[in-house]
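Encoded as structure tokens, the structure appears first; notes follow it.
In the text below, chain A, chain B and the rest are named by the order of the sequence lines, each starting its count at 1. Note that these values count all heavy atoms, side chains included, but never hydrogens, waters or copies made by symmetry.
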Amino acid sequence: MIPSAFKFYKPDNLQKAVALMADFGDEARVIAGGHSLIPVMKQRLTDIKHLIDLSAINELKGINIKENSISIGAMTTQVELITNEELFKVVPIIREASLQIADPQVRNLGTIGGNVANGDPANDMPGLMQLLDATYKISGIKGIREIKAREFYEGAYFTAREDDEILVSISFNTPTGGYSYEKQKRKIGDYATAAAGVILNVDNGVCSSASIALTNLSDTPVYCSDAVSMLIGKQIDDSLLSEVTKSCVEQSDPVADQRGPVEFKKYVAGIVINKALKRAFERS
Amino acid sequence: MDDVKTPTSEERKTALSGLGTSRKRVEDARFTQGKGNYVDDIKLKGMLFGDFVRSPVAHAKIKKIDTSAALALPGVHAVLTAADLEPLGLHWMPTLAGDKQMVLADGKVLFQGQEVAFVVGDDRYAVADGVALVEVEYDELPVVTDPFKAEMESAPILREDIADQKEGAHGPRRHPNHIFTWESGDKEGTNKVLDEAEVVADEMVYYHRTHPCPLETCGCVASMDKINGKLTVWGTFQAPHAVRTVASLISSIPEHNIRIISPDIGGGFGNKVGVYPGYVCAIVASIVTGVPIKWVEDRMDNLMATAFARDYWMHGKISATKDGKITGLWCHTTADHGAFDACADPTKFPAGFMNICTGSYDIPVAYLAVDGVYTNKAPGGVAYRCSFRVTEASYFIERMIEVLALKLGMDSAELRSKNFIKKEQFPYTSALGWEYDSGDYHKAWNKALEAVNYKKLREDQAKQLELFRSGKSRKLIGIGLSHFTEIVGAGPVKNCDILGLGMFDACEIRIHPTGSAIARLGTISQGQGHATTFAQILASEIGIPASDITLEEGDTDTAPYGLGTYGSRSTPVAGAATAMAGRKIRAKAQMIAAYLLEVHDDDLEWDVDRFVVKGAPEKFKTMKEIAFASYNQAIPGVEPGLEAVSYYDPPNMTYPNGAYICVMEIDVDTGVSEIKKVYALDDCGTRINPMIIEGQVHGGLTEALAISMGQEIAYDEQGNVMTGTLMDFFVPTAWETPNYETDFTETPSPHHPIGAKGVGESPNVGGVSAFSNAVHDAFKPFGLTQAHMPHDHWRVWKIAKDLGLHN
């Protein structure tokens, strides 16, 4: 469990980090919390010649809560997401979801940026960001650009980020309505067998807006657009939520692993999604 | 002068912290402060590191190994292959089970993770780079991971080295992939009873492959001193003396020139009993390079290559009368041993003590046959927190009892009670030949059922079932019952040896002039707290406070010979040796006291910490005074000093037992289970330290929970290990660990000097059945008879699905 040799850099501003990335191209990787990257380096599943530590770059840190929107620096740790009371007041689902990531030791180091940018379908934050319809701000040698979370993920570990770009921050409009993030896992520290996030706005029993996203049920997070259309404008009841659940499960495409075969995962996905829908509805 | 009150016997007894005291563990001060001294903490001048090139495939011919690129790398000193070890006769080594095992791949590999080459370099980094540069060409062969397929005619031959040998270490072999057949009991008699029985239950019970996974992995530092010819090896050894003897036999280094030291060990659970290629390679590399070599496994190496546990397919038939009196038991086990038979069992027991499978029951006739089979999996088959194959045996009978109860339509608590060996039947000789020393199973069982309010539990369960049937809940409740009888303390030299070494153990005591003491033992603690408990045994025997007694284990140059710590043998064997050595000390002390008090030996009686003149309580000599006298008095006919040694050959095994009950709630849709209650009653005979017993029970139950609910070593059909990291290999954290209620009865062993039976492994033996039976019990109303472990989410979900419980 020893990685191959690499050079280590710790730039103190974003410009320097971007310049390093431009110099080294796909031989370089940035490191945030390291909980995904270090294990693959130690197992020599990836060979990285230049490792660029982002932890000294202040402009990548912090949670900025504005009147109708929120911006979170990529290097903000999960424990900061959990303990920030202001954030909890406006987007409680972030705490609910973050508390289901790994364990406290991992969350002390793990960052939101690493979690969303790695492109691992098992990570919880990508699904959550699709749920919130977040926008990723990405910086590269050619400048800064923005990509929607719902358009960012192309396949397992493949994203719209170019090799020499760095994720700077994540922003989204302050959500309203009932919410829920449900996750089934085998134990503390495990990735999801199936997980689902739901946000529902309901007026007099009628759904006015909705968002549903799934984690670890495909090679990317799954935003359930069909299911959302089924909800909007409808009177919410158990049978509608069952139909919506079915639609979400149809959009999922899990793979078999030690957590179980596909058939099981789809079944559990249905249970988890339905629970999330019901809880979000109760909270709306 | 003030009137100083002489402490009473009771007060003096309390001051000793002897038997029965919940004395705090003396080891914990250093462990909880990170001050332990483990193998990986050992750093010697000039020390190099070694690590393995491992096979990525499960079965292949090796066409070529090219070490040139690795050797060219700065910092790499040597790369050993089988070709380098062959001239020394060390490319293969004997296993503890009468087989042999490749140290480094000799022409082929037989399992994923097998050791192919050993790279030696300046530090771990250079070695890891060197490992990556060794090029091995593999010519892949068909793989067999299923022990039943391994014995088919079409199966690939795994062990070409012994393909033509019709006779193995344990009798005839019927197929190149067959290792042994081991039989016990009365085959014809059992078949007859089964044929004529009123009721027979027939079931296949699989106890899956898992792994002891100690927190500290296996490793060693080998140092060959070429000046004085002495080899010192620090290692994670559960049996340091046996390792010394084996090392001497296979290396031809005289035994007096080998010193084996087991420093602090971070858990063993059987994983550290065997001899591994890493030890041999480190020793050879130290001889070759002339400097110390360190080898320490990483977690993936440990899970993939060093000894696994279980992997027994147990086909059982149990017969009974219509009213539930068991009449016979039959078992055929197919044992998957992996690529080499490297089980750690006493020599005469290739399937360990699997023939304790009649359990706690008075079964008139029984028959057991075990077939060992080679597959393309890692070797091992160690006793993971149990005596040799006792967990398998106990799980088998406790499942068969449940299956029989189903067939009889009888409550399984009642069925057990009806068939328990009765208190007055002890010592009891089982149908498979063991002499159970003592027990009071009915007392323990009744106490357990009352403690959990069994009747009420069944009522609550029935109510929940009603809610489920009426669609108001998707959860079921299962009540898991288990009564186990262990067989530990191997063992009597007449039938127990490992590689010809009798399984006695030893204790040597030296009393210092000022009345404190050191005791050395042939065992080695891996977390059991020997330094705490053995001092307590001695405190009660010789009247010196436990805190004034140093315990030392694990250094073969200083400790007396013993067979080590595993199979719950430390208390039954070394604990007995400790008591016996203490009694020798006391006998000599009595002579000294008699001389000092000018009375006859027989005029003295022992009183906690002193000898008192009978009828004259004011005349006495304390152990402290006697100790000093032994160093400064010229006593006619008595040698100076106060020392003793005892080598204890136990007359019999001990038979700890217990009654465990688990209540579990299961969600049929997600397969998620929640443990509502775990009650564990243990009878381990005399209780040395109740706090340590409770800690042991908590630890063992947690491992049992892991094994039954998710922990496994899984292979795919190509022989790839699917559970190579702690992401997929389940080790419970505090979060997954439920609350435990512990309880006890105390039936001392009649043949053990202090009546103690051993407890460290009982909770694993009893726990697995309790947890697994709870899962089965939840689905019993829907017709489930048997579902194999581990009961992780998807397998529990599949039970529900197959029973038609999903809409």
Pair A/E243 + A/K234, salt bridge at N-O below 4.0 Å: no
Under 4.5 Å to a heavy atom of chain B? For A/I188 that would be both
The interface call for A/K42 against chain B, heavy-atom contacts under 4.5 Å, is neither
Counting heavy-atom pairs under 4.5 angstrom with chain A, the leader among B/W797, B/Y125, B/W735, B/F730 is B/W797
Mutual orientation of the aromatic rings belonging to A/F24 and A/Y9 [parallel < 30°, tilted 30-60°, perpendicular > 60°]: tilted
Honestly, the part of B/K798 sitting under 4.5 Å from a heavy atom of chain A is neither
When the 4.5 angstrom heavy-atom criterion is applied to A/Q184 and chain B, the contacting part is side chain
Cut-off 4.5 Å, heavy atoms of chain A, and the answer for B/T733 is side chain
Would A/R95 count as a cation-pi partner of A/F88, with NZ or CZ less than 6.0 Å from the six-membered ring centre and within 45° of the ring normal?
yes
If one checks every heavy atom of A/Q43 against chain B at 4.5 Å, the contacting part turns out to be side chain
Does the distance from a Lys or Arg side-chain N to an Asp or Glu carboxylate O, for B/D129 and A/R44, drop under 4.0 Å? yes
(message) For B/K294, is there an ion pair with B/D40 - N to carboxylate O distance below 4.0 angstrom?
(response) yes
If one checks every heavy atom of B/M709 against chain A at 4.5 Å, the contacting part turns out to be neither
Quiz item: A/Y179 ring centre to A/R283 NZ or CZ under 6.0 Å, with the angle to the axis within 45°?
Solution: yes
